[in-house]
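All figures in this text were calculated on a predicted structure; none of them were measured in a lab.
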Amino acid sequence: MRRIVQIVPRLPPPEEGVGGIALTVASALADLGVESRFVVPAPHGAAARSAGLDVVEVAPEPAALAAALDGTERMILHYAGYGYHPRGVPRWLAAGLGRTDGALWTQFHEVWATGPPWRSSFWLGPLQRRIVRALGDRSERVTTSLDLYADLLRGVLSNRSREIAVRPVISGIGEPAEIPPFGSRAPRLVLFGGAGVRGRAYEIDSAKIEAAAHELALTEIWDIGPGGVAPQSLGTLPIRRMGALAASDVSAILAESTAGFLSYPLGFLGKSSVFAAYAAHGMLPICSGRPVSGARPGVPFWDAAAPPPASHAPGIAAAGRTWYEGHSLARQAGEIAAWVSTASGAIR
């Protein structure tokens, strides 16, 4: 059995983002003969251990991280600065990895924050960029989820011509090998994800949700995720509040549903695991959000602010599935497994 260490900020339920992605990657790697061990900063390892995962919990200190990684030949860092430090400045992470010898692959789920002078992100931005540079320079491989992030990374790394591959995030609830035809699906709209993203949708986009559902002749809404953020109905549309479900149950529901709604900045859809889940399951992704300066959506979706004719829905859903297959879990896991195989002392 070959082994790899995945460094993650925490291991939450799948709808919570980076941790769910890491778990999904680990499951796919296991099918390819690669065993994952997780390194998680305290206090976020206890729940993962209780779930039977191979987890090392470390104090957020350079020495503790270096000790936990001693002798490791292949490591993947899932980087989101605010996940490792409340102000987005995990200097301990960069310093600790700088003391290790193993090959490092960093997936930048985020880079650094920006903002006006009266916000802390303006003053912390330079330090966040220095941390990103240190991690990128330390890494043998660098990938990220957006073209925008790749351009920003090239501007700060010491070697500005190095390869930075863009890999949009994968579905944190897996991806079915086969999907039902679009026309055979239940006339249902799904809102899936964490409480924040779903709550924002109901708060600011309720009229767009209702309008899209009526345009597409959808008769009900299923709300999936933690927190009681969903109302009982939107206009004449009843809402079925499912709560938090196991990944396999969510996958089964998405595979038989027509559409999914997401409130999210449109230029950042490639880093949304919820959008990835909708696309992976062949659903119609209905999206509402502000444009992002310098970021191109680059993904197929139904624009809730300027909806096309309903006849376009099957084609948009099919294009989303095709887009997803280009960077699917199977493809990304295969790439990681091949990289692990190059380790001189891989354990088999």
Side-chain angles (χ1 to χ4, degrees), residues 9-21 44 47 80-83 86 88 109-110 113 115 119 121 145 169 171-173 188-216 218-247 249-251 253-254 257-281 283-292 295 297 299 301-305 307:
R10 61 178 65 203
L11 290 174
E15 68 271 7
E16 295 294 336
V18 174
I21 291 168
H44 303 302
Y82 286 92
H109 296 277
E110 298 174 0
R119 299 188 63 178
S121 56
S145 54
V169 301
S171 165
I173 57 166
R188 175 192 307 142
L189 177 67
V190 172
L191 272 79
F192 167 59
V197 69
R198 290 168 25 253
R200 182 167 62 249
Y202 292 120
E203 181 179 350
I204 66 176
D205 285 325
S206 58
K208 293 178 182 176
I209 296 171
E210 190 175 359
H214 287 307
E215 176 67 21
L216 295 163
L218 307 179
T219 58
E220 61 179 345
I221 297 171
W222 283 23
D223 179 86
I224 306 174
V229 298
Q232 291 186 344
S233 62
L234 280 181
T236 60
L237 292 167
I239 297 180
R240 184 173 178 180
R241 290 179 281 192
M242 307 296 291
L245 300 175
D249 294 331
V250 178
S251 180
I253 292 171
L254 297 193
S257 301
T258 296
F261 193 94
L262 176 64
S263 291
Y264 205 80
L266 298 182
F268 288 166
L269 291 175
K271 61 172 285 188
S272 167
S273 59
V274 174
F275 184 87
Y278 292 162
H281 287 77
M283 304 171 73
L284 174 67
I286 304 173
C287 301
S288 174
R290 58 178 176 82
V292 179
V299 297
F301 67 96
W302 172 291
D303 188 345

Hey, does [Y] have a side-chain heavy atom less than 4.5 Å from the side chain of [X]?
{"X": "Ser257", "Y": "Trp222", "result": "no"}
{"X": "Ile286", "Y": "Leu189", "result": "yes"}
{"X": "Ile209", "Y": "Leu191", "result": "yes"}
{"X": "Thr258", "Y": "Leu216", "result": "no"}

[X] and [Y]: which non-hydrogen atoms are nearest, and at how many Å?
{"X": "Ala195", "Y": "Pro226", "result": "CB-O, 3.5 Å"}
{"X": "Phe275", "Y": "Pro285", "result": "CE1-CB, 3.5 Å"}
{"X": "Ala305", "Y": "Lys208", "result": "CB-NZ, 4.1 Å"}
{"X": "Leu237", "Y": "Ile221", "result": "CD1-CD1, 4.1 Å"}
{"X": "Pro238", "Y": "Ser233", "result": "CA-CB, 4.2 Å"}
{"X": "Val229", "Y": "Arg198", "result": "CG2-NH2, 3.3 Å"}

- request: Step by step, work out the side chain to side chain contact (heavy atoms under 4.5 Å, CB included) result for Trp302 and Glu215.
  value: CA-CA 12 Å; Trp302 172 291; Glu215 176 67 21; 4.0 Å; yes

task: Show the numbers, then the answer: is there a side chain to side chain contact (heavy atoms under 4.5 Å, CB included) between Met242 and Val250?
output: CA-CA 10 Å; Met242 307 296 291; Val250 178; over 6 Å; no

- prompt: Between atom OG of Ser251 and atom CZ of Phe192, what is the distance when rounded to the nearest 0.5 Å?
  reply: 9.5 Å

- prompt: Can you tell me how far CG of Leu234 sits from NE2 of His214, rounded to the nearest 0.5 angstrom?
  reply: 9.0 Å

Donor-acceptor contact below 3.5 Å, side chain Arg241 vs main chain Ala230: yes

Contacts under 3.5 angstrom, residues 261-269 side chains, donor-acceptor by atom type, not counting sequence neighbours:
from, atom 1, to, atom 2, distance (Å)
Ser263, OG, Asp205, OD2, 2.5

query: Out of Met283, Arg240, Glu220, which one pairs with Val190 under the side-chain contact (heavy atoms from CB on, under 4.5 Å) rule?
result: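 Answer to the side-chain contact (heavy atoms from CB on, under 4.5 Å) test with Val190 among Met283, Arg240, Glu220: Met283.
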
task: Return yes if a side-chain donor-acceptor contact under 3.5 Å exists between Ser145 and His109, otherwise no.
output: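 No.
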
task: Go through the structure and list residues passing side chain to side chain contact (heavy atoms under 4.5 Å, CB included) with Ala280, not counting sequence neighbours.
output: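 Here the qualifying residues are Ser171, Glu175, Tyr324.
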
